[in-house]
Amino acid sequence: MKKALLKQICFLGICALFLNGCSFRYDELPNVRVFQRCQGPAITYEMGSLKKGDYNDLKLSHEEVQSKVEQSLASSGCFKRAGENDNAYQHYRLDIVFGTITKYDKQGGFWKSTTGDALIFEVQLVFNRIDETRVFYGKSSVQNDANQYLKIFGQESTLHPTQIQITLQNAVNSATNEATKSFLKAK
């Protein structure tokens, strides 16, 4: 009787380790939404410079970041890219600076190891006009942790493309919301 109970307990313990090790958990990322606060465009801008900051660990392209920023600004309803016929003194020049930092960490040994990935994305939107400069920041981050047991149960932590895209969009949307609030207060 005791041997059967002991076998069941050992079996359940091994199953629990296996299930825990094989399951990869990452937190659900909240989405920062752009608030549509304007019925029509109130601010026109032309694209200025687009620069990578000191770090760009993800090797993001300028086009990808510019596309996300322009989509976010357009979805607010307050911003419109200036056309050729617009008065150059009435619209802003938009300069963008962005950067990404990734970090990978591994701890433990043969019996149990823990791995972790982290991503930080920052974006700076600078609206310039002859007599005015406005700077807005957006920052978003994500972190994953995963466990491995006996080097065969479980998997190492990795950043998923969906997590990366949501993190980038959250930072851009955060900066857009700040810009929208600031410009609407001034009017």
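Predicted model only: the values in this text are computed from it and were never measured.
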Can you check whether Leu94 reaches Val69 side chain to side chain, under 4.5 Å on heavy atoms?
yes

Is there side-chain contact between Leu184 and Cys38, with heavy atoms separated by less than 4.5 Å?
yes

Grouping I, L, V, M, F, W and Y whenever their side-chain heavy atoms are under 4.5 Å apart, do Val65 and Leu159 come out in a common cluster?
yes

Within 45° of the ring axis of Phe127 and under 6.0 Å from its six-membered ring centre, is that where the NZ or CZ of Arg134 lies?
no

Taking atom OH of Tyr104 as the centre, does the number of heavy atoms from other residues, nucleotides or ligands within less than 6.0 Å exceed 12?
yes

Taken to the nearest 0.5 Å, the spacing of Gln90 CD from Thr44 OG1 works out to 7.0 Å

Give the minimum heavy-atom separation between Ser72 and Val172, together with the two atoms involved.
CB-CG1, 3.6 Å

Taken in chain and number order and not counting sequence neighbours, the residues that satisfy side chain to side chain contact (heavy atoms under 4.5 Å, CB included) with Glu122 are Ile120, Lys139

Using a 3.5 Å distance criterion without hydrogens, assess whether the side chain of Thr180 forms a donor-acceptor pair with backbone atoms of Thr176.
yes

According to side chain to side chain contact (heavy atoms under 4.5 Å, CB included), who are the partners of Ser75, at least two apart in sequence or on a separate chain?
Val34

Do Trp111 and Tyr149 touch side chain to side chain, with heavy atoms closer than 4.5 Å?
no

Check the pair Asp145, Ser157 against side-chain hydrogen bond (donor to acceptor under 3.5 Å, both in side chains), reporting the backbone distance first and the verdict last.
CA-CA 6 Å; Asp145 294 311; Ser157 175; 6.0 Å; no

Test Leu168 against Lys68 for side chain to side chain contact (heavy atoms under 4.5 Å, CB included), laying out the working first.
CA-CA 8 Å; Leu168 301 179; Lys68 287 194 179 300; 4.2 Å; yes

May I ask you to check whether over 12 heavy atoms, not counting those of Glu132, lie within 6.0 Å of atom CD?
yes

Short question: side chain of Gln163, backbone of His160 - any donor-acceptor pair under 3.5 Å?
yes

Start with the C-alpha gap between Leu125 and Val123, add the side-chain angles, then the distance that decides, and say whether side chain to side chain contact (heavy atoms under 4.5 Å, CB included) holds.
CA-CA 7 Å; Leu125 306 179; Val123 65; 4.1 Å; yes

Under a 3.5 Å distance rule, please check whether Ser76 uses its side chain to pair with a backbone N or O of Leu73 as donor and acceptor.
yes

Any residue meeting side chain to side chain contact (heavy atoms under 4.5 Å, CB included) with Asn56, in chain and number order, not counting sequence neighbours:
Lys52, Leu60, Phe98, Thr100

Atom OG1 of Thr115 and atom CD of Gln148: how far apart are they, to the nearest 0.5 Å?
6.5 Å

Within this structure, what is the OG1-CG distance for the pair Thr133 and Asn128, rounded to the nearest 0.5 Å?
4.0 Å

Mind checking whether Asn144 and Thr158 have side chains closer than 4.5 Å, heavy atoms only?
no

Linked hydrophobic residues, Val135 as query - side chain contacts closer than 4.5 Å:
Val126, Tyr137

Run the side chain to side chain contact (heavy atoms under 4.5 Å, CB included) test against Gln66 and tell me which residues pass, sequence neighbours left out.
Met47, Leu50, Glu70, Arg81

Assess whether side chain to side chain contact (heavy atoms under 4.5 Å, CB included) is satisfied between Ile164 and Leu58, documenting all intermediate values.
CA-CA 9 Å; Ile164 292 169; Leu58 286 181; 3.7 Å; yes

Could you grab the distance from atom CG of Asp131 to atom CZ of Arg129, nearest 0.5 Å is fine?
6.0 Å

Should Asn177 and Phe136 count as side-chain neighbours, where that means a heavy-atom distance under 4.5 Å?
no

Same apolar cluster: Phe121 and Val32, side chain cutoff 4.5 Å
no

Quick one: pull up CD in Gln71 and CD in Gln169 and give me the separation to the nearest 0.5 Å.
6.5 Å

Strictly by salt bridge (Lys or Arg N to Asp or Glu O under 4.0 Å), give each pair with a member in residues 93-115 just once, sequence neighbours left out.
Arg93-Asp95, Lys106-Glu156

Could you give me the CA-CA distance, side-chain angles and deciding distance for Glu46 and Tyr92, then say whether side-chain hydrogen bond (donor to acceptor under 3.5 Å, both in side chains) is met?
CA-CA 6 Å; Glu46 67 178 11; Tyr92 289 86; over 6 Å; no

